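Only one structure is covered here, and it is reproduced in the block below.
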Amino acid sequence: HPPTTWSFLTWLRQLQSIEKTGNAPPSIQEPLPTVTKNHDADNDTEKGKPTEKETIEAPATPKKEEADRIAMPPPPPPTVKSPSSPTTPRANPTSNSSSVPSFTLSDTDAMPPPSFPALNSAQRASGGIRGPQPPRLNAIPAQTSSLMAPPPRPSPLPNRGGPLPNRSPVSNTSSLALPPTHSSIPAKPRKKVQLTPNHSPLDWARLSSSPRHNLNGLPPNTPYLKVPPSLLRQFTGRKGKDAWTVLGGKVYNITPYLPYHPGGEAELMRCAGKDGTRLFGEVHPWVNWEGMLGSCLVGVAVEEGEAHGGVGGMEDMD
Ligand code: HEM
């Protein structure tokens, strides 16, 4: 039988038993006075004693309650509560929309319009102020109201995204062009030549600074000469003669320096037998020719007739 039917039959049997014997079935929860004691009370000859009477009649009420309890239908079987309905309330992540306050346009529409600007003002008519805007934590452009224009994006700088106009190799006419690396531009392009081994500028400096070497090509202990133009023209470096030149009024024998000249022998020979001051200054005015050619000094350039005939007058060089 199902539990309900079984309980009803049990309850019916118990009821019939009470009607027969007048006794309730033994209860485990509330032990009642035993039937034996009641019989003893009924057979007691000392009736009238209030204490005995109360003692004997007292079980009458529990017996009735027990009968009523039995007469009641059995309680429904206990049901196991599902874990989804705990006794302690817990936060439900799926149903928090109503607990967290949110702002929507429908809510703002229900709000009263602001007092400023006035309803009939030009600001409100022109759309400058559209009314209260709901506070938004995340300003996503796709979700913003159409009433508020998105902020303008910063435009790229004009000098980005491509080569700078003043850095272009073909357009260097701008006033912002980089300044030249040199203060003066040489008249001619540099024509450095490949010097032979042991003929570097350092080798020449080592050679010319030695006091043991007289590089002017004159006999030892020969005084400095007064060189008129007629004599200078004879030393062109050709026909077995040395090459002389004049730089700043002094006459130098450039023959020993030819293989050391960074610009090449041909360039240096352009000033042989004549005054090379102007040519020298046009190419490399920064070169310290006096310091480089000190050991090659022959004499001083003089006008024609000042030399008193031929080479001589070296004491006048100082
Ligand atoms: C006679 C005395 C001269 C001396 C002592 C001399 C010395 C020098 C020196 C030291 C340099 C190297 C400069 C440097 O690297 O900055 C040089 C370069 C040069 N020299 Fe002379 N030079 C003389 C005469 C001349 C003459 C008369 C010419 C041409 C007519 C000439 C043409 C050159 C050239 C083309 C260069 C290469 C320029 C360069 O590298 O920038 N030199 N010379």
Side-chain angles (χ1 to χ4, degrees), residues 169 172 177-304 306-307 310-314 316-318:
N172 54 1
L178 293 177
T181 56
H182 300 287
S183 58
S184 61
I185 300 175
K188 296 180 179 178
R190 301 171 67 92
K191 298 178 182 177
K192 276 192 173 179
V193 298
Q194 183 68 31
L195 298 174
T196 56
N198 302 322
H199 288 85
S200 67
L202 184 59
D203 294 330
W204 172 255
R206 189 179 298 115
L207 174 65
S208 60
S209 61
S210 174
R212 297 180 294 109
H213 294 90
N214 182 16
L215 302 178
N216 60 9
L218 299 176
N221 300 321
T222 302
Y224 291 121
L225 304 178
K226 292 182 179 177
V227 180
S230 55
L231 183 61
L232 179 64
R233 284 193 292 269
Q234 298 177 16
F235 294 86
T236 57
R238 297 180 180 91
K239 300 179 180 178
K241 288 191 175 181
D242 289 344
W244 290 7
T245 189
V246 177
L247 294 174
K250 297 182 178 178
V251 181
Y252 297 93
N253 186 357
I254 57 175
T255 305
Y257 182 66
L258 283 172
Y260 295 88
H261 184 226
E265 296 188 9
E267 290 291 322
L268 185 57
M269 285 296 291
R270 291 174 61 185
C271 64
K274 57 185 179 182
D275 193 325
T277 304
R278 185 187 58 84
L279 199 55
F280 182 96
E282 288 180 358
V283 181
H284 38 51
W286 58 90
V287 175
N288 182 17
W289 48 268
E290 285 189 294
M292 294 179 61
L293 299 175
S295 59
C296 300
L297 183 60
V298 174
V300 60
V302 296
E303 294 292 335
E304 217 46 67
E306 293 184 8
V311 177
M314 290 297 174
D316 297 336
M317 295 292 291
D318 298 332

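Remember, it's a predicted structure, so these values are computed and weren't measured experimentally. Just follow the structure's listing: the first ligand is 1, and inside any ligand the first atom is 1.
Interface of Met292 with ligand 1, defined as ligand atoms under 4.0 Å from a residue heavy atom, comprises 10 (C). Taking every non-hydrogen atom of Glu267 and a distance limit under 4.0 Å, the qualifying atoms of ligand 1 come out as 26 (C), 27 (C), 28 (C), 29 (C), 30 (C), 32 (C). When each atom of ligand 1 is checked for a heavy atom of Leu268 under 4.0 Å away, the hits are 1 (C), 2 (C), 3 (C), 23 (C), 24 (C), 25 (C). Of all the atoms in ligand 1, the ones that sit under 4.0 Å from a non-hydrogen atom of Cys271 are 27 (C).
At atom 21 (Fe) of ligand 1, the vertex angle linking NE2 of His284 with NE2 of His261 is 170° (nearest 10 degrees).
At least one side-chain heavy atom of Val251 sits under 4.5 Å from a side-chain heavy atom of Leu232.
Residue Leu247 places a heavy atom under 4.0 Å from ligand 1.
Rounding to the nearest 0.5 angstrom, the gap separating the CG atom in Asp242 from the CD atom in Gln234 is 12.5 Å.
Annotation: Trp244 is not in aromatic contact with Tyr252 [ring centroid separation under 6.0 Å not met].
Using modelled atom types, one side-chain atom of Ser208 and one backbone atom of Trp204 make a donor-acceptor pair closer than 3.5 Å.
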Give the table of side-chain donor-acceptor pairs shorter than 3.5 Å for residues 292-304, with sequence neighbours excluded, one pair per line with atom names and distance.
residue	atom	partner	partner atom	Å
Glu304	OE1	Ser230	N	2.8
Glu304	OE1	Ser230	OG	3.0
Glu304	OE2	Ser230	OG	2.6

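Ranked by closest heavy atom to atom 13 (C) of ligand 1, the top entry among Val283, Asn288, Val287 is Val287. Closest heavy-atom approach to atom 3 (C) of ligand 1 among the candidates Trp289, Phe280, Tyr252, Trp286: Phe280.
Aromatic ring orientation, Tyr257 versus His261: tilted (interplanar angle from 30° to 60°).
For Lys192, a nitrogen or oxygen atom sits less than 3.5 Å from a nitrogen or oxygen atom of ligand 1, counting backbone and side chain alike.
For the residue pair Asn216 and Leu218, the shortest heavy atom distance occurs at OD1-N, 2.9 Å.
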